[in-house]
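Report on the structure given below.
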2 protein chains.
Amino acid sequence: MKGIRQLAKHLDISIGTVSRALNDRPDVNEETRKRVLAAAEELGYVANQSGRSLRQGTTNVIGLMIESSKETVENSDNFFLGVTGGLQSVLSRHKLDLLMLPCPNDEDPHEYLKRMVARRIVDAMIISATQRVDQRIDLLVKAKIPFVALGRSTSGGNHTWIDLDFEGVAACAVDRLVSKGHRRIAIAAPSNDINLGYIFVDAYRQSLERHGIAFDPALVIRVKSSEQGGYQAGHEMLRLDTKPTAIILIYELMAIGLYRRLNEAGIVPGRDLAVIGFREEPRGKFLQPSLTCFRMSLRDLGVELAETLLATMPAYAEHYPKGARNTIWPLELAPGESDAFSLDA
Amino acid sequence: MKGIRQLAKHLDISIGTVSRALNDRPDVNEETRKRVLAAAEELGYVANQSGRSLRQGTTNVIGLMIESSKETVENSDNFFLGVTGGLQSVLSRHKLDLLMLPCPNDEDPHEYLKRMVARRIVDAMIISATQRVDQRIDLLVKAKIPFVALGRSTSGGNHTWIDLDFEGVAACAVDRLVSKGHRRIAIAAPSNDINLGYIFVDAYRQSLERHGIAFDPALVIRVKSSEQGGYQAGHEMLRLDTKPTAIILIYELMAIGLYRRLNEAGIVPGRDLAVIGFREEPRGKFLQPSLTCFRMSLRDLGVELAETLLATMPAYAEHYPKGARNTIWPLELAPGESDAFSLDA
DNA sequence: CTGCCATACTAAAACGTTTCCGCAAAGCAC
DNA sequence: GTGCTTTGCGGAAACGTTTTAGTATGGCAG
């Protein structure tokens, strides 16, 4: 006989009053409320979530679905843990807890999400690593679960999403390289199936064309987003007939493998070949040469995600201005040594 | 009126029978069971977790608590996502779901865990990054929540834990370096407050003494487990009067920063200084020189964790032999170029 | 004194599920 | 046919909480 009932009996008060006292509801004498809170603290009482959820139809839990598939793991790194900090700083203000839902490798993400949603263990969801067509979005729309997608998608009509400014980054990188005299600029990217691969390369193509440089498919090197992929990208690049003078990496860890392969071939990055990475991690600065790449605050992104999500939840929307449903998250250039030279005319 | 009631009405059967059919209980005609399962599939019915948990007193959820504090994030990398794969492969066999509980930076881990436990959203816990004295362990013991600690601790009597074989790694690293003629071996480690820092350095000291080499506190360089820390370790090392001929890094990402600092000083790792890292990540192989370090399968560790945890849960213990309560997880040496030279006598 | 309102509380219903208990029907042995 | 067991199902209690509806008390206006 534990739970609120015991607490009520201990205080010689009805359980209804105890519940109202604990939940800051009206119709409770201030004196009584103090006694209840003190007793709860003393006895270590915390409301059972199942009972509360069952009654209220709400769990006070926000789910962050992450896919731990091999490809994703390799390049997700501490991305999620970084974002989590920002998310929680906002969610905790509303007594919402964040739980990370890692989709098993051998389960279809769509099925996994369906199961989680049906079980009603979360009030709202953040899904990440969205695909160009992503069943999960239709699922959430149909189930009327508030959600934000981290990554744009063509599915599901006009849902809310936040995505990184791939266009801006690609344009900035290309502009920068072109201004230093580069004309043959390669890019190492994951396959088109992955949203990032498709959008980034497309933006790169457009940026080139704006400068009057013809897009050369041979310069698009499709590799995995890892050190291994960087090494392979270097390898592929060296086999080209006319070698590029610069390369853009879609993931900064690729630089480690790329550097290694270049070194093996006697090519010095930052002198013989310009390299620009995509996302800055602390490690970019410590590579040799240090990597020119793009910086963003994972924490701020988390905050934005949380506020956007809350705006879609009826119970919390009032506090959050109905901002744009779709946000492009900017990144800032962090110049390094890896592209710090100009080509001779 | 959704839920099992609607399903029962649709089938014109009592809800009790429907429930038994869905949960593989006896006392249900095979014919009826088929009908129920078909209808559930058709209508997309999945039991509400709150209702079920409330009645059963069990949630079928295993929590993996992770701390996203700055220090931890920097060196956790994809550790958790890697382990998660192995965990889920075992847990899913028992229809248990794994949720990751990220403790907010600004909340005391002990308070956070207390809250989560009291709310009863998990049946069992895995806690990580244990400290030498860790209140969380006492809390879980007292609350009688089955749990496994990833990392040893002096708290809480004889609870179940799994930890990496720091002693073995330190001994192997020291033996290897000594056999190549090194006598002055530095070590870059986090502070003693962190379990890893304390145990690893202690094992290193013992290994040295076994070889009759006096322990020199000046060779213990306390830095953060990051690229930045590696850079700083290199810096500190260069200021020593008698410079070491080898260095052991407690975290392999340190190598990136260390290499950079060495390069700035004109010292070539793998020729002028032997370097051994702790945990292998794919990137170790792609550094230049490639890093000698220690390898382990995160997935296998996850499997071991899951099986150990299930053995502590009364409802599942029968399937899992009562193995050792405490496990030391071995790592395997992965030789690289960074220590591939011997000192002249 | 009567009527009305505000305050602070109690009692009980409700959330969706599982599980205990009882019961009818059917099968079987005699 | 009688007694007993097995099979399959229905009814209802129970889990812990929140919330609604109802009630006693006291203050206050008339």
Side-chain angles (χ1 to χ4, degrees), chain A residues 1-37 39-40 43-61 95 115-123 143 315, chain B residues 1-37 39-40 43-61 95 115-123 143 315:
Chain A
M1 184 63 69
K2 65 200 160 209
I4 201 175
R5 201 158 351 230
Q6 191 186 36
L7 186 58
K9 192 180 293 181
H10 177 259
L11 286 163
D12 205 28
I13 296 183
S14 80
I15 58 177
T17 303
V18 174
S19 174
R20 285 197 308 278
L22 291 173
N23 293 353
D24 278 329
R25 306 223 89 88
D27 274 15
V28 170
N29 185 306
E30 207 45 50
E31 176 72 21
T32 314
R33 169 164 291 144
K34 286 221 176 68
R35 278 181 57 221
V36 171
L37 290 178
L43 301 184
Y45 170 80
V46 177
N48 176 306
Q49 187 61 39
S50 302
R52 157 178 280 176
S53 298
L54 182 58
R55 171 64 225 220
Q56 296 193 130
T58 189
T59 61
N60 288 343
V61 169
K95 294 187 190 289
R115 197 155 54 86
M116 289 302 174
V117 164
R119 284 171 44 158
R120 310 244 149 221
I121 57 178
V122 299
D123 287 346
Chain B
M1 184 65 66
K2 65 198 161 212
I4 200 175
R5 198 151 2 223
Q6 191 186 36
L7 186 57
K9 193 180 293 181
H10 177 259
L11 286 163
D12 204 28
I13 296 183
S14 80
I15 58 177
T17 303
V18 173
S19 175
R20 286 197 305 276
L22 291 173
N23 293 352
D24 277 330
R25 305 223 88 89
D27 276 12
V28 170
N29 185 305
E30 206 46 49
E31 177 72 19
T32 314
R33 167 164 291 140
K34 287 220 176 70
R35 278 181 58 219
V36 172
L37 290 178
L43 300 184
Y45 169 81
V46 177
N48 176 307
Q49 187 61 39
S50 301
R52 156 177 281 178
S53 299
L54 183 57
R55 171 63 226 224
Q56 297 194 132
T58 188
T59 61
N60 288 345
V61 169
K95 293 186 188 291
R115 196 154 54 86
M116 289 303 173
V117 164
R119 283 170 45 160
R120 312 243 148 221
I121 56 179
V122 299
D123 287 346

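Letters A, B, ... mirror the listed sequences (proteins, then strands); counts begin at 1.
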Measure [atom1]/[X] against [atom2]/[N] and give the value in whole Å, please.
X: B:Arg25; N: D:dC9; atom1: CZ; atom2: P; value: 16 Å
X: B:Lys34; N: D:dG8; atom1: NZ; atom2: P; value: 12 Å
X: A:Ile4; N: C:dA14; atom1: CD1; atom2: P; value: 19 Å
X: A:Tyr45; N: D:dG16; atom1: OH; atom2: C1'; value: 7 Å
X: A:Leu7; N: D:dT18; atom1: CG; atom2: P; value: 11 Å
X: B:Glu31; N: D:dC9; atom1: CD; atom2: C1'; value: 15 Å
X: B:Asp24; N: C:dT18; atom1: CG; atom2: P; value: 12 Å
X: A:Arg5; N: D:dT17; atom1: CZ; atom2: P; value: 8 Å

Next on the checklist: Short of 4.0 Å, heavy atom to strand atom, which residues of residues 51-61 of chain B count as contacting DNA chain D?
Outcome noted: B:Leu54, B:Arg55
Item to check | Partners passing side-chain contact (heavy atoms from CB on, under 4.5 Å) against A:Ala143 (at least two apart in sequence or in another chain) | outcome: A:Val117, A:Ile145
Checklist entry - Considering residues at least two apart in sequence or located in another chain, which fulfil the side-chain contact (heavy atoms from CB on, under 4.5 Å) criterion with A:Leu54? => result B:Ser50, B:Leu54
Checklist outcome for this item: Heavy-atom closest pair (B:Arg35 atom, B:Leu11 atom, distance to 0.1 Å) is NH2-O, 3.1 Å
Please write out the pairs of protein N or O atoms and N or O atoms of nucleotides 8-12 of chain C separated by less than 3.5 Å, giving the distance to one decimal.
| residue | atom | partner | partner atom | Å |
| --- | --- | --- | --- | --- |
| C:dC9 | OP1 | A:Thr32 | OG1 | 2.5 |
| C:dC9 | OP2 | A:Asn29 | N | 2.9 |
| C:dC9 | OP2 | A:Thr32 | OG1 | 3.4 |
| C:dT10 | OP1 | A:Ser14 | N | 3.3 |
| C:dT10 | OP2 | A:Ser14 | N | 2.8 |
| C:dT10 | OP2 | A:Ser14 | OG | 2.6 |
| C:dT10 | OP2 | A:Thr17 | OG1 | 2.9 |
| C:dT10 | O4 | A:Arg20 | NH1 | 3.3 |

Which atom pairs, donor and acceptor, lie under 3.5 Å between side-chain atoms of residues 13-31 of chain B and protein residues at least two apart or in another chain?
| residue | atom | partner | partner atom | Å |
| --- | --- | --- | --- | --- |
| B:Ser14 | OG | B:Thr17 | N | 3.3 |
| B:Ser14 | OG | B:Thr17 | OG1 | 3.2 |
| B:Thr17 | OG1 | B:Arg20 | NH2 | 3.4 |
| B:Asn23 | OD1 | B:Arg52 | NH2 | 3.2 |
| B:Asn29 | OD1 | B:Glu31 | N | 2.6 |

Item to check | Inter-end axis angle, the helix from C:dC1-D:dG30 to C:dC30-D:dG1, with every axis fitted to five base pairs (rounded, 10 degrees) | outcome: 50°
Checklist entry - Mind checking what makes salt bridge (Lys or Arg N to Asp or Glu O under 4.0 Å) contact with A:Arg55, not counting sequence neighbours? => result none
Spacing of [atom1] belonging to [X] relative to [atom2] belonging to [Y], to within rounding of 0.5 Å:
X: A:Gln49; Y: B:Gln49; atom1: CD; atom2: CD; result: 12.0 Å
X: B:Gln6; Y: B:Lys9; atom1: CD; atom2: NZ; result: 8.0 Å
X: B:His10; Y: B:Leu7; atom1: NE2; atom2: CG; result: 8.0 Å

Checklist entry - In terms of the nearest nucleotide of DNA chain D, which residue is placed more toward the 5' end: A:Leu22 or B:Arg33? => result B:Arg33
Checklist outcome for this item: With sequence neighbours left out, the residues meeting side chain to side chain donor-acceptor pair (under 3.5 Å) with A:Asp123 are A:Thr58, A:Thr59
Checklist entry - For the side chain of B:Asn48, counting heavy atoms from C-beta on, which of C:dT17, C:dT18, D:dT18 is nearest? => result C:dT17
